[in-house]
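Comments concern the structure below.
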Amino acid sequence: MDRYEKLRETVERAADEDMVGADDVVSALATLRELRDELADWEPRLIGAARRMGVSWGDLAPVLGVASRQAAERRYLRMRKPEHEAGLTADARVQAERDRRAGQRAVRAWAQDNSEVVRKLAALVGSLDDVDDDVRPYVDVVSRTLGNDDPVLLIGPMVSAVDHLRDSHPDLAARVDGVNSEVEEVRRAAVDRRVGR
């Protein structure tokens with residue numbers, strides 16, 4: 001008999017105090033807690049898998065027993081516990097995720113509005129041929145990324161490359177740092193607006 005069946009049997013027999021002992025009830029409560037902990041871990045993993053497979057929040061809402069897509073997403077964000085958010089409360093995890101998304105949207109809009117500047121700067125970094133062998137892979141990533149339609153995808157590789165170009169190309173590094181500072185300010189401002197700071 002598996003844990004679930006034994007638990008169900010104990011619960012059904014618990015109504016008749018003569019058929020079950022206190023030790024059985026306490027054991028059933030411990031098993032219930034274990035199952036609850038397992039289910040609390042399984043649900044966000046299954047929801048995450050469903051989302052990766054393209055299932056919408058609207059489709060998940062009734063399955064999760066909530067009334068709206070927002071409530072379904074909130075439930076998921078409250079339940080999942082990523083390592084980088086260890087120690088945060090469930091509500092703080094929801095807030096952190098929504099802040100992150102607001103920042104991403106703002107940065108994407110900024111990159112689209114400043115696409116020409118971002119692309120020209122990335123082209124300068126990606127075309128460098130006077131770099132050391134240990135720096136070459138970083139420059140090559142920028143060069144390969146130039147083919148993407150989304151200019152926001154250029155920013156991360158440029159920033160990574162520039163960390164290795166400060167001594168050999170200080171002016172170029174300063175320009176990339178300037179763009180990165182603008183990006184971070186856009187991200188901060190978006191989060192501040194979202195939370196009304």
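Only heavy atoms go into these numbers, but all of them, side chains included; no hydrogens, no water, no symmetry mates. If you read the sequence from its start, that first residue is 1, and numbering goes on from there. Quick caveat: nothing in here was measured; it's all calculated off a predicted structure.
- Using cut-offs of 30° and 60° for the angle between ring planes, the Tyr138 and His164 rings count as parallel.
- Contact detail for Val118 and Pro151: the closest heavy-atom pair is CG1-O, 3.6 Å.
- For CG of Asp167, the number of neighbouring non-hydrogen atoms (other residues, nucleotides, ligands) closer than 6.0 Å is 12 at most.
- Val159 and Leu154 fall within a single hydrophobic cluster, where Ile, Leu, Val, Met, Phe, Trp and Tyr are joined by side-chain heavy atoms under 4.5 Å apart, directly or via other members.
- The number of heavy-atom neighbours closer than 6.0 Å to CZ of Arg119, taken from other residues, nucleotides and ligands shown, is above 12.
- Atoms CG and OG1, on Asp23 and Thr10 in that order, are 11.5 Å from each other to the nearest 0.5 Å.
- Heavy atoms of other residues, nucleotides or ligands lying less than 6.0 angstrom from CZ of Arg8 number 12 at most.
- In plain terms, the two heavy atoms of Val142 and Ala122 that are nearest each other are CG1-O, 3.3 Å.
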- Task: Report the C-alpha separation of Arg166 and Asp177 in whole Å, then their side-chain angles, then the decisive distance to 0.1 Å, and conclude whether the salt bridge (charged side-chain N to carboxylate O under 4.0 Å, His left out) test is met.
- Result: CA-CA 10 Å; Arg166 293 196 190 288; Asp177 285 341; 2.5 Å; yes
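- Remark: Leu46 CG to Leu64 CG distance equals 10.0 Å, nearest 0.5 Å.
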- Task: Show the numbers, then the answer: is there a side chain to side chain contact (heavy atoms under 4.5 Å, CB included) between His169 and Leu124?
- Result: CA-CA 11 Å; His169 298 82; Leu124 288 173; over 6 Å; no
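- With values rounded to the nearest 0.5 angstrom, Asn114 atom CG is found 12.0 Å from Lys120 atom NZ.
- One distance of note links CD of Gln104 with CG of Asp99; it measures 11.5 Å at 0.5 Å rounding.
- Under the 4.5 Å side-chain criterion, counting only non-hydrogen atoms from C-beta, Val139 is not in contact with Asp129.
- Ionic pairing of Arg45 and Asp41 is present here: one or more N-O contacts between side-chain nitrogen and carboxylate oxygen are shorter than 4.0 angstrom.
- Closest of all the heavy-atom pairs between Ala71 and Val66 is CB-CB, 3.8 Å.
- The pair Glu184-Arg187 meets the salt-bridge criterion, since a charged nitrogen lies less than 4.0 angstrom from a carboxylate oxygen.
- Considering every non-hydrogen atom in both Ser168 and Pro170, the closest pair reads C-CD, 3.6 Å.
- For the residue pair Gln112 / Arg108, no side-chain donor-acceptor distance below 3.5 Å is found, with atom types taken as modelled.
- A heavy-atom distance below 4.5 Å is not found between the side chains of Gln70 and Trp57.
- When each of Asp134, Asp140, Asp132 is tested with Arg136 by the rule side-chain hydrogen bond (donor to acceptor under 3.5 Å, both in side chains), just one qualifies, namely Asp140.
- Interatomic distance, Glu5 CD to Glu9 CD, rounded to the nearest 0.5 Å: 9.0 Å.
- Under the 4.0 Å criterion applied to side-chain N and carboxylate O atoms, Arg188 and Glu185 are assigned as salt-bridge partners.
- In this structure the side chain of Trp42 never reaches within 4.5 angstrom of the side chain of Ile47, judged on heavy atoms.
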